[in-house]
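For reference, the structure is listed below as structure tokens.
Both counts, for ligands and for their atoms, begin at 1 and track the order of listing.
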Amino acid sequence: VYQYLRPLLFRLEPERVHTLAIDALALASEHPGLLRLLKLSYGVSDPRLHTTVFGLTFPSPIGLAAGMDKNAAAIPAFLALGFGFVEIGSVTAHAQPGNPKPRLFRLPADQAIINRMGFNNIGAAAVARRLAGLRQRGVISAPLGINLGKSKLTPLANAPEDYIHALNLLYPYGDYFVINVSSPNTPGLRELQDKQHLDTLLAQVMAYIAEQPARKPLLLKIAPDLSEPQLDDVIALCLERGVSGLIATNTTTKRRQLRTAIDEAGGLSGKPLGERALEVLRYLNRQLQGQLPLVAVGGIATADDVMSRFEAGASLVQLYTALVYEGPGVIRRMSQGIVAQRRRDPHASIRQ
Ligand SMILES: Cc1cc2nc3c(=O)[nH]c(=O)nc-3n(C[C@H](O)[C@H](O)[C@H](O)COP(=O)(O)O)c2cc1C
């Protein structure tokens, strides 16, 4: 169906289509009948997809990447589409409008997107209220990740308090949390990946978590544009501070080998990001030797892409841009590919 729908959707402004899609999925999330229909059309369920990482059991290792459902509007619908987990956000401590429009661009010839959304979101307090309602209704049937960003107005020096403010409001509702220091669209944010900043930030966030009655996993999401020495620093700090895992990668500010002539600031995602994201994953895996679980994201669109990430050490994968180019059917196709592979070689995941 999506191959017929796509040309129509691609005639509309990208952000308009995004809003329409989220509104439709939010509506479906309120109606058990519609959720059943989505599950029937797109859902997947197979014990061979079950994955346990950082103490959580995922019905499938394929998750929705941050940025698609920033405000937790449509979690039940995304799960019905076959995702094994959803990562909402980035959520910031304070509500904010994000950058001026247009801020989202399609590059169809590259199967890529450039975005400079700038953490548009309703803020941690409003998201917490939504999640409280969803938890009460018991409609979140798989692990929920909450990705946290820094409020634009908060100076870099106060970043730790800003993240902890949001974390504190959202802590009861997430199964794992992500500190996002890798978005290119909040001025100065990626400097938080530097050794000194990152150490202070992780120390304070981990101290907050240590005080909570339930300790929940904290992951760090990093940029694909870090050098190997920078990655080494990140690894050392994560191990030292007791971070539960790494998400690699966010979008890139580089513009390598694009077919599309486009001069827009922002982060590039999709196909052209895949190679670099995989390279970073391989490097992390080589240095970590299994000491930390890895979540792969960036340019994943097929079952082969997923298998290459597993082989490179990932325990889970996420996607965003492939949904835009392939439609929701891509989740089932990828899942069936993994199941088929595991049927042929049932020990593959154990060997890894
Ligand atoms: C429009 C858009 C908005 C995004 N917003 C966020 C965000 O708020 N927080 C975040 O950590 N990543 C965000 N991302 C990055 C994705 O989570 C993902 O890391 C990246 O797009 C690479 O995956 P992909 O190639 O499958 O899209 C965004 C990506 C896109 C395309």
Nearest-option assignment for [atom], heavy atoms, candidates [options]:
| atom | options | answer |
| --- | --- | --- |
| atom 12 (N) of ligand 1 | Lys271, Lys221, Gln318 | Lys221 |
| atom 23 (O) of ligand 1 | Val91, Asn180, Val297 | Val297 |
| atom 16 (C) of ligand 1 | Ala301, Ala66, Ser182, Ser269 | Ala66 |
| atom 11 (O) of ligand 1 | Val178, Asn147, Val295, Ile222 | Asn147 |

query = Mind checking what makes salt bridge (Lys or Arg N to Asp or Glu O under 4.0 Å) contact with Arg333, not counting sequence neighbours?
reply = Glu326
Please could you name the atoms of ligand 1 that [X] approaches to less than 4.0 Å, counting only its heavy atoms?
| X | value |
| --- | --- |
| Ser90 | 7 (C), 8 (O), 9 (N), 10 (C), 11 (O) |
| Thr249 | 19 (O) |
| Gly299 | 24 (P), 25 (O), 26 (O) |

Using a heavy-atom cut-off of under 4.0 Å, does the side chain or the backbone of [X] touch ligand 1, or both, or neither?
| X | result |
| --- | --- |
| Thr321 | both |
| Asn250 | both |
| Lys70 | side chain |
| Leu104 | side chain |
| Leu273 | side chain |

inquiry  = The criterion is side chain to side chain contact (heavy atoms under 4.5 Å, CB included); which residues satisfy it with Val53, sequence neighbours excluded?
reply    =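 Listed in chain order: Thr51, Phe58, Pro293, Ser315, Leu316.
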query = Has the side chain of Arg130 got a donor or acceptor atom that lies under 3.5 Å from a matching backbone atom of Asn71?
reply = yes
ask   = Are Tyr283 and Asp232 close enough that a side-chain donor and a side-chain acceptor fall under 3.5 Å?
value =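 On atom types as modelled, these side chains qualify, holding a pair under 3.5 Å.
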message = Please verify the inter-ring angle class for Phe83 with Phe78; under 30° counts as parallel, over 60° as perpendicular, anything in between as tilted.
response = tilted
